[in-house]
Undergrad: 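Have a look at the structure that comes next, please.
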Amino acid sequence: MNKVVSGAEAAIHDISDGSVIMLGGFGLCGIPENCINALVKKGVKNLTCISNNAGVDDFGIGLMLQQKQVKKMISSYVGENAEFERQLLSGELEVELIPQGTLATRCLAAGYGMPAIFTPAGAGTEVGTGKEVRNFNGKDYLLEYAFDADFAIVKAWKGDTAGNLVFKETARNFNPLMAMAGKITIAEVEELVPAGALDPDYIHTPGIYVHRIFQGSNYEKRIEQRTVRKR
Amino acid sequence: MNKVVSGAEAAIHDISDGSVIMLGGFGLCGIPENCINALVKKGVKNLTCISNNAGVDDFGIGLMLQQKQVKKMISSYVGENAEFERQLLSGELEVELIPQGTLATRCLAAGYGMPAIFTPAGAGTEVGTGKEVRNFNGKDYLLEYAFDADFAIVKAWKGDTAGNLVFKETARNFNPLMAMAGKITIAEVEELVPAGALDPDYIHTPGIYVHRIFQGSNYEKRIEQRTVRKR
Amino acid sequence: MALTKEQIAERIARELRDGYYVNLGIGIPTLVANYIPEGMDVVLQSENGLLGMGPFPFEGEEDPDLINAGKQTITTVPGSVFFDSAMSFGMIRAGKVDLTVLGAMEVSENGDIANWKIPGKMVKGMGGAMDLVASAKNIIVAMMHTNPKGESKLLPQCTLPITGVRCVKKIVSDLAVLDITPQGFKLLERAPGVSVDEIRAKTAGKLIIEGDVPEIAF
Amino acid sequence: MALTKEQIAERIARELRDGYYVNLGIGIPTLVANYIPEGMDVVLQSENGLLGMGPFPFEGEEDPDLINAGKQTITTVPGSVFFDSAMSFGMIRAGKVDLTVLGAMEVSENGDIANWKIPGKMVKGMGGAMDLVASAKNIIVAMMHTNPKGESKLLPQCTLPITGVRCVKKIVSDLAVLDITPQGFKLLERAPGVSVDEIRAKTAGKLIIEGDVPEIAF
C-alpha cells in the first residue's frame, strides 16, 4: 500500500477546475500550507472550498482568493480578509456561512457514513431558512446533511507511511474530521515516519481514511493574533 | 473540582433500584470490574444495563445476572452465558438486541448532544420493525435515538484527577463513548495520576465528561478466548 | 458611573462556581478569566479544541499551534486536553459546558440574541456563536446597555438577524444586571450611582422592577 | 470433492487486492488471513477497534487488553491503530472497508443474508453483522452449500430472520463459487470433481449457468 507521494504537486495532481475541496485548519493554525501553495501554482479555478476560515489576505486560502480560484466558500467565519470582502460584495464570490459546530459535525457525518445529523444550532434563525426542522424533547433541531467533498486536504504534525496521523495541540481542529470526510484525502505532515513508529494507542486519524501523504517543507506557521504577557 | 472518590463503593453510592446504567467493555475486555463487584455487593435491583455483552456466567455482568439484579439488557451480543439464557427463556429477563454499531453510535449521539442518528444497520430486518425509515441517496436508514442513561461506568487504563482518561489497545471499545453518554459518569482506572501528568494531545476522554474517578484494584482481566500460536 | 469593561467582567466572575466549565467569548467575556476567585477551580473551554486554557504566553514563548477561538496565542494549565472540533461542539451541544459568556449587539426581552450579522455591512460569519447559544445551559451576555447613538440594545424584539432564540439567562451591562424572565428583563442590580430611572429610560424592552434595587458593590 | 474450510478460505483469499482493508468474520472467514499472498499489503480490521490485526500471540504473550471481535487474543502489525467502537463502525458505514467476509446460515438469490438468529433457539445477537452487511461495499459469504440435512442454504428467499437486504456479492461454498446477479446465483466455478448437476440439485434459488464452468484450481 503505497500512500506516500513525492510532494504537494503530486498530491494534488488530479484536483481540477470545479473540484469541491475541504481544507483543514482554524484561522491560520494547522492549515495545509504546502498544498495551498501548490494549488495556487497549479492555478485550478472554480473551486468550492469548505474551510472554517478563508485565511488572511496574503496567507492561507487568501492566496487562492487573490488568484480568483475560488467560486464558493463554505465557512463559519471569514473576517480578516479584505480581498475576500471585495469579491463577496462584488458578487464574484459565493459564500455560505454555517455554524462552526455544524461545519464540524457535517464532516463527522461524512466520515462516519451518516447521511445527515440533527443540530439545534441556527434553529429559529436565518440559517434555518428552508431547512427541515424537527422537534425532539421540546427543542427544535435542524437536519443538516453530510458533506460530499471530492478532496480533503489536511495538515498533521506527524504521519506514517500507512497514512496514520497525529495532530499537535489546537492545530488538530477540523483536520481529523476533514481527513475522514474526503472521497480522496491528502495529508501533509511535518514529519513522516515509517509504519510502526507511531504508538497505535495515540493516533488521531487512522490511515484507512488517508489516501496520499507526504512530508511538507518550509512551514511558516504564521500567527494571526500574537498575544503575550510580560514576565 | 474534586472528582476523585475513595473507591468503587463511593463511586456507585447513588445507583439505586431501577437505574439505567451503561457499562463499558467488549466481551470481558475493558470492563469496570471494581464497580461491577461493588454493584453486586450493594445488591441494587431492577437495573437496565446497556452493554455490548453480558459477561460470562461467573464474571463481569454475569455476576449481576446471577444475583438477578438486571431487569433489562440492551446489548448486541449475549452468547457465552448460560444463566443469561435461562433467565431470558424463563421471561425473567428482558433483552433488547441492537446492532453493535448502532449501540456505539447511540452513545456517541448522547455524548455529542445529537437527539438521534441515521444508520442503515437493520433496515429491512426485524430490527427496523416499528422504527422510522428514511431514504437518503437511494438507501434506507433507520432513525435511532440517543441513549439516555442515568450512569455510565467505564474502565480506563490511566486517568488523572481532572477526569481525563486514556485507554489501552482494544480495551478502549465502548468505554470512551459511554463515558460521554452518562448523566453521571464513573471511571475506574488502573493508574490514577495528578492533573498534568497525561499528555494533553493523547487523551481519549476529556475530563468534562467524567464526574467521579478512582484507582481500581485487583484487576483480574480475564481472557475469554485464549488463542496462541506455537513458537 | 457606568461600569468599565473590567468591572462588567468582574461582576460576571461572581457567577462562577467551583468546578464550572466555562466558555468565554471574544471581547469583554475574555476579561472574565482575570477575575476568577483565588482557589476556585474553573476550567476554560476554547471551542477550537481545548479544555484548560491558561493565560497568554510569556513573550518569546508563543506557539503557533496553540491558539484560542479568538486566534490569540495562549497557554494551557495542568489537566488540559486537546480535541477536534466535532468533539468540542459535541460537548457544547450535550450541555457539558456550565456557563457561556458572550457579547451581543441586541438582546430581546424573551432572551433572543443577535450578535453575528449587520445586513448591508460586512458579514464575518457566526463562527461558533450559534452552536453555543443553541446549547448552553446558562448564557450570560456582557454588553453595553446602549449603542453609540444612545439607543437601547435591550429590546422588545431584536431588529438584527438573531443568533439564537430564547437562550440568554442574564445580562451584565455597563448600567445593570438583569435576568431574563418570562415577564421580561428583571432588574437585579444597578451600576454604582446609576439610577433606576436611567436604566428604565435606556431599556426599550419590558423592564421589571421589584422593591429596592441594590447597587453593585466592588 | 467438496472444498475443506481451508480451501474455501484459500479461494476467497484470491479476491484480495493490494491495499485492501478487510474485515473477516468469525469461523471460516478468519482463516482467510492465512492465505494472503506473500508481499500483498492487506490490512485487517477488527470491529471492536483495531486496524492492522496480526496473528495470534506466542504462548505466554497473550494480552487481555488486545483481542479481536471474536474475543480471541491477537497481536498487531506495524502501522496498526486502535480506536473506539463509534469510529470503527463509522469507517465501516462510510464504506472505507473494501471487503467483508462473513459466514451465513442462508443467502437468497437477491443477496439477502440470514446469519444471526434461529427463532425458538437461543438468540445470541447480531453483534456487528448488521452494521457490516448494511454498509460494506463488497461482501463475500463463506458457507456450506447445504445444511446438515442436505437442504440448500442458497434459497429463493431466506426463511430465517435476515441480517441485511440485497448485500451479498459473492458466495464461496464448499461446492462452488457464485456471484449474486440481478438474475440470481450465477455459477462461476465448481469444486474439483463436483458436477454442475450436483450444484444445481443443491441450489434451491435460481441458478444461472453459462457455458463451461471451470473447476477451482488449487
Side-chain angles (χ1 to χ4, degrees), chain A residues 26-30 52-54 75-81 85 88-89 95 97-105 107-109 111 119-127 139-141 157 167-177 204 219-231, chain C residues 26 30 46-50 53 55-76 80 82-90 92-93 112-114 116-117 119 121-135 161-167:
Chain A
F26 178 88
L28 302 180
C29 182
N52 190 60
N53 310 91
S75 301
S76 90
Y77 189 81
V78 292
E80 345 298 354
N81 196 318
E85 188 171 352
L88 173 59
L89 295 174
V95 178
L97 291 170
I98 62 176
Q100 200 174 133
T102 302
L103 181 62
T105 313
C107 293
L108 181 79
T119 176
T125 79
E126 66 177 53
V127 165
K139 184 166 182 160
D140 281 343
Y141 292 79
W157 181 30
F167 303 91
K168 184 158 174 274
E169 301 168 340
T170 55
R172 194 182 316 182
N173 55 63
F174 288 87
N175 280 302
L177 302 165
H204 299 125
Y219 282 104
E220 187 174 337
K221 290 193 176 188
R222 202 183 287 189
I223 290 175
E224 207 163 336
Q225 304 279 349
R226 187 178 301 270
T227 46
V228 296
R229 62 186 151 138
K230 295 280 175 208
R231 280 174 198 275
Chain C
I26 297 166
T30 301
S46 191
E47 68 265 27
N48 56 319
L50 168 63
M53 180 164 58
F56 295 145
F58 289 119
E59 218 169 320
E61 293 182 359
E62 310 92 310
D63 177 350
D65 290 323
L66 182 47
I67 64 172
N68 64 15
K71 281 102 179 177
Q72 297 170 312
T73 46
I74 50 162
T75 59
T76 60
S80 65
F82 297 105
F83 35 81
D84 66 44
S85 301
M87 180 178 265
S88 184
F89 285 96
I92 288 168
R93 218 186 286 118
D112 293 355
I113 180 172
W116 77 284
K117 185 177 184 178
K121 295 197 184 184
M122 179 57 197
V123 178
K124 290 181 188 292
M126 66 291 283
M130 282 196 180
D131 307 276
L132 282 159
V133 301
S135 297
I162 61 171
T163 312
V165 294
R166 287 182 207 81
C167 53

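Each chain gets a letter, A, B and so on, in the order its sequence line appears, and its residues count up from 1.
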Undergrad: What residue in Val127(A), Thr125(A), Ile98(A) has the most heavy-atom pairs under 4.5 Å with chain C?
TA: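 That would be Thr125(A).
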Undergrad: Against chain A, label Asp112(C) side chain, backbone, both or neither, depending on which of its atoms sit under 4.5 Å from a heavy atom there.
TA: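 Neither; nothing under 4.5 Å.
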Undergrad: With a 6.0 Å cut-off (strictly less than), is the heavy-atom count around CZ of Arg229(A), excluding the residue itself, greater than 12?
TA: yes
Undergrad: Please flag which part of Ser88(C) lies under 4.5 Å from any non-hydrogen atom of chain A: side chain, backbone, both or neither.
TA: neither
Undergrad: Please classify the contact of Ser75(A) with chain C as side chain, backbone, both or neither, using a heavy-atom distance under 4.5 Å.
TA: neither
Undergrad: Inspect the surroundings of CD in Glu59(C) and state if more than 12 heavy atoms from other residues, nucleotides or ligands are less than 6.0 Å away.
TA: no
Undergrad: Among Asn52(A), Asn175(A), Leu28(A), Thr105(A), which residue has the highest count of heavy-atom pairs closer than 4.5 Å to chain C?
TA: Thr105(A)
Undergrad: Give, as side chain, backbone, both or neither, the part of Asn53(A) having an atom under 4.5 angstrom from any heavy atom of chain C.
TA: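 The side chain, not the backbone.
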Undergrad: Report which part of Phe89(C) has an atom under 4.5 Å of a heavy atom belonging to chain A: side chain, backbone, both, or neither.
TA: side chain
Undergrad: Under a 4.0 Å threshold between the charged nitrogen and the carboxylate oxygen, would Arg93(C) count as salt-bridged to Asp131(C)?
TA: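 No, no charged N to carboxylate O under 4.0 Å.
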Undergrad: Highest number of heavy-atom pairs under 4.5 Å with chain C: which of Ala121(A), Gly27(A), Gly124(A), Pro176(A)?
TA: Ala121(A)
Undergrad: Do Glu61(C) and Arg231(A) sit within salt-bridge range, that is, some charged N less than 4.0 Å from a carboxylate O?
TA: yes
Undergrad: Between Asn48(C), Val165(C), Leu50(C), which shows the greatest number of heavy-atom pairs under 4.5 Å with chain A?
TA: Asn48(C)
Undergrad: Between Thr170(A) and Gly49(C), is there a donor-acceptor pair closer than 3.5 Å when you use the side chain of the first and the backbone of the second?
TA: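 Not a single qualifying donor-acceptor pair exists.
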Undergrad: Measuring from atom CE of Met130(C) to atom CD of Gln100(A), what distance do you get when rounded to the nearest 0.5 angstrom?
TA: 12.5 Å
Undergrad: Nearest 0.5 Å please: distance from the CD atom of Glu220(A) over to the CD1 atom of Ile223(A).
TA: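 Separation between the atoms: 11.0 Å.
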Undergrad: Using modelled atom types only, decide if a donor and an acceptor are shared between the side chain of Asp84(C) and the backbone of Leu177(A) within a distance under 3.5 Å.
TA: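 No, because the side chain of Asp84(C) does not come within donor-acceptor range (under 3.5 Å) of the backbone of Leu177(A).
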Undergrad: Only pairs of heavy atoms separated by less than 4.5 Å count here; which of Arg172(A), Glu169(A), His204(A), Arg222(A) has the most with chain C?
TA: Glu169(A)
Undergrad: Specify which of Ser85(C), Pro64(C), Ser80(C) makes the most heavy-atom pairs with chain A at under 4.5 Å.
TA: Ser85(C)
Undergrad: Of the listed residues (Lys168(A), Lys230(A), Gln225(A), Lys221(A)), which shares the most heavy-atom pairs with chain C below a 4.5 Å separation?
TA: Gln225(A)
Undergrad: Go through the atoms of Leu103(A) and report whether side chain, backbone, both or neither lie under 4.5 Å from a heavy atom of chain C.
TA: neither
Undergrad: Would the distance check show the side chain of Thr73(C) and the main-chain N or O of Arg226(A) forming a donor-acceptor pair, the cut-off being under 3.5 Å?
TA: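 Between the backbone of Arg226(A) and the side chain of Thr73(C) there is no qualifying donor-acceptor contact (under 3.5 Å).
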Undergrad: Chain A: which of Pro57(C), Gly164(C), Pro55(C), Pro161(C) shares the most heavy-atom pairs with it under 4.5 Å?
TA: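 Winner by heavy-atom pair count: Pro57(C).
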